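Read the structure below first, then the notes.
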Amino acid sequence: TQLLEQSPQFLSIQEGENLTVYCNSSSVFSSLQWYRQEPGEGPVLLVTVVTGGEVKKLKRLTFQFGDARKDSSLHITAAQPGDTGLYLCAPNTGFQKLVFGTGTRLLVSP
Amino acid sequence: SQTIHQWPATLVQPVGSPLSLECTVEGTSNPNLYWYRQAAGRGLQLLFYSVGIGQISSEVPQNLSASRPQDRQFILSSKKLLLSDSGFYLCAWRAGTGGGYEQYFGPGTRLTVT
């Protein structure tokens, strides 16, 4: 069983601040997805990273896959209240299923 | 484009009553289908997944069961609900063999067992 940790568990910041959340594991993965979930809704796919060291940008969000493909980070620049939600990482296990982290709950206050 | 539906959106059931949650996918064929449960403020726990009609893999022993009577229909059931079955139930699909690993989620069902 892969050990998957997301940190921090909870983050409360003011609008305009920058933040980084992390997803770490002791296992190597072939790819990894990041999702965002708003209260009462299903998670929405943000990005897939595949190559070690890969960096992808989605507007103010920057995703990085570690060189060894064991970890990933999500950096948000100038956070806005609309960024509020639960951020989940989900590495591909290669067995028809994903393993989801426990998530980072982000609250951005105006 | 593909869409995924779940119903009901919310459900309040007494302990010991049966359960049936339904999930349907449109716009794709032979998808992999998944049932997850999410406790308040927690991550997603995979309950069941299916790679084809009648094929169900169970991840967590419990009093729940799943069935896939049609290619794009996935049902989660229980004969007798427990208080611990309360939670947010999510259905998801991904492309079958040869597709990517991304999963796409339905809107969820909020189940409260009283």
Side-chain angles (χ1 to χ4, degrees), chain A residues 1-12 21-25 29-51 56 58 63 65 69 72 84-107, chain B residues 2-11 21 23 25 30-52 55-60 66 68 87-112:
Chain A
T1 304
Q2 295 92 356
L3 179 63
L4 187 64
E5 293 187 9
Q6 285 193 249
S7 61
Q9 291 187 0
F10 183 75
L11 190 57
S12 180
V21 299
Y22 301 92
C23 175
N24 296 293
S25 174
F29 300 107
S30 58
S31 67
L32 181 147
Q33 284 89 48
W34 282 93
Y35 293 80
R36 178 171 64 212
Q37 183 181 23
E38 298 188 18
E41 300 182 8
V44 175
L45 178 67
L46 296 175
V47 77
T48 298
V49 287
V50 178
T51 306
K56 282 191 174 179
L58 185 65
F63 304 85
F65 202 15
R69 290 184 287 120
S72 182
T84 293
L86 179 67
Y87 288 82
L88 297 160
C89 69
N92 164 38
T93 66
F95 295 103
Q96 304 282 358
K97 56 190 179 182
L98 300 174
V99 174
F100 280 85
T102 53
T104 292
R105 189 165 298 280
L106 172 65
L107 175 63
Chain B
Q2 300 87 3
T3 56
I4 179 168
H5 305 278
Q6 285 186 247
W7 64 88
T10 60
L11 191 60
L21 303 181
C23 171
V25 181
N30 196 32
N32 287 4
L33 296 172
Y34 304 83
W35 278 114
Y36 293 87
R37 178 170 59 202
Q38 185 176 34
R42 305 288 295 276
L44 277 62
Q45 179 188 32
L46 179 63
L47 302 175
F48 301 94
Y49 70 95
S50 171
V51 300
Q55 301 179 61
I56 307 296
S57 295
S58 175
E59 290 294 300
V60 182
R68 184 170 177 174
F88 192 48
Y89 287 82
L90 289 156
C91 180
W93 74 273
R94 58 158 272 204
T97 303
Y101 290 100
E102 295 87 354
Q103 293 186 14
Y104 301 93
F105 288 82
T109 294
R110 174 77 58 193
L111 172 65
T112 303

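Chain identifiers are assigned alphabetically (A, B, ...) following the order of the sequence lines, protein sequences preceding nucleic acid strands; residue numbering begins at 1 within each chain. These numbers come from the heavy atoms of this one structure, side chains and all, not from hydrogens, waters or symmetry mates. This is a predicted model, so every value here is computed, not measured.
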## Note on the structure
Heavy-atom closest pair (A:E41 atom, B:F88 atom, distance to 0.1 Å) is O-CE2, 3.5 Å

### Message
To check you understand the geometry: which heavy-atom pair defines the closest contact between A:K97 and B:Q103, and what is its length?
### Response
CA-NE2, 4.3 Å

### Query
What part of B:L44 gets closer than 4.5 Å to chain A, counting heavy atoms only: side chain, backbone, both or neither?
both

### Query
Rounded to the nearest 0.5 Å, what separation is found between the OG1 atom of A:T48 and the CD atom of B:E102?
3.5 Å

### Query
Is atom CD of A:E5 surrounded by more than 12 heavy atoms (other residues, nucleotides or ligands) closer than 6.0 Å?
no

### Query
Between A:L88 and B:G43, which heavy-atom pair has the shortest distance, and what is it?
CD2-CA, 4.5 Å

### Message
Taking side chain as everything from C-beta outward and backbone as N, CA, C, O, which of these in A:Y35 sits under 4.5 Å from a heavy atom of chain B? Side chain, backbone, both or neither.
### Response
side chain

### Over 12 foreign heavy atoms within 6.0 Å of CD, B:Q55
yes

### Task
Go through the side-chain N and O atoms of A:Q37 and B:Q38 and say whether any donor and acceptor fall under 3.5 Å apart.
yes

### Selection from B:Y104, B:Y34, B:F105 maximising heavy-atom pairs under 4.5 Å formed with chain A
B:F105

### Summary
What one should report as the nearest heavy-atom pair of A:G42 and B:L90 is CA-CD2, 3.6 Å

### Task
Would you mind telling me which of A:V44, A:L98, A:T102, A:L86 has the largest number of heavy-atom pairs within less than 4.5 Å of chain B?
A:L98

### Query
Does B:Q6 have any side-chain hydrogen bond (donor to acceptor under 3.5 Å, both in side chains) partners at least two apart in sequence or in another chain, and if so, which?
none

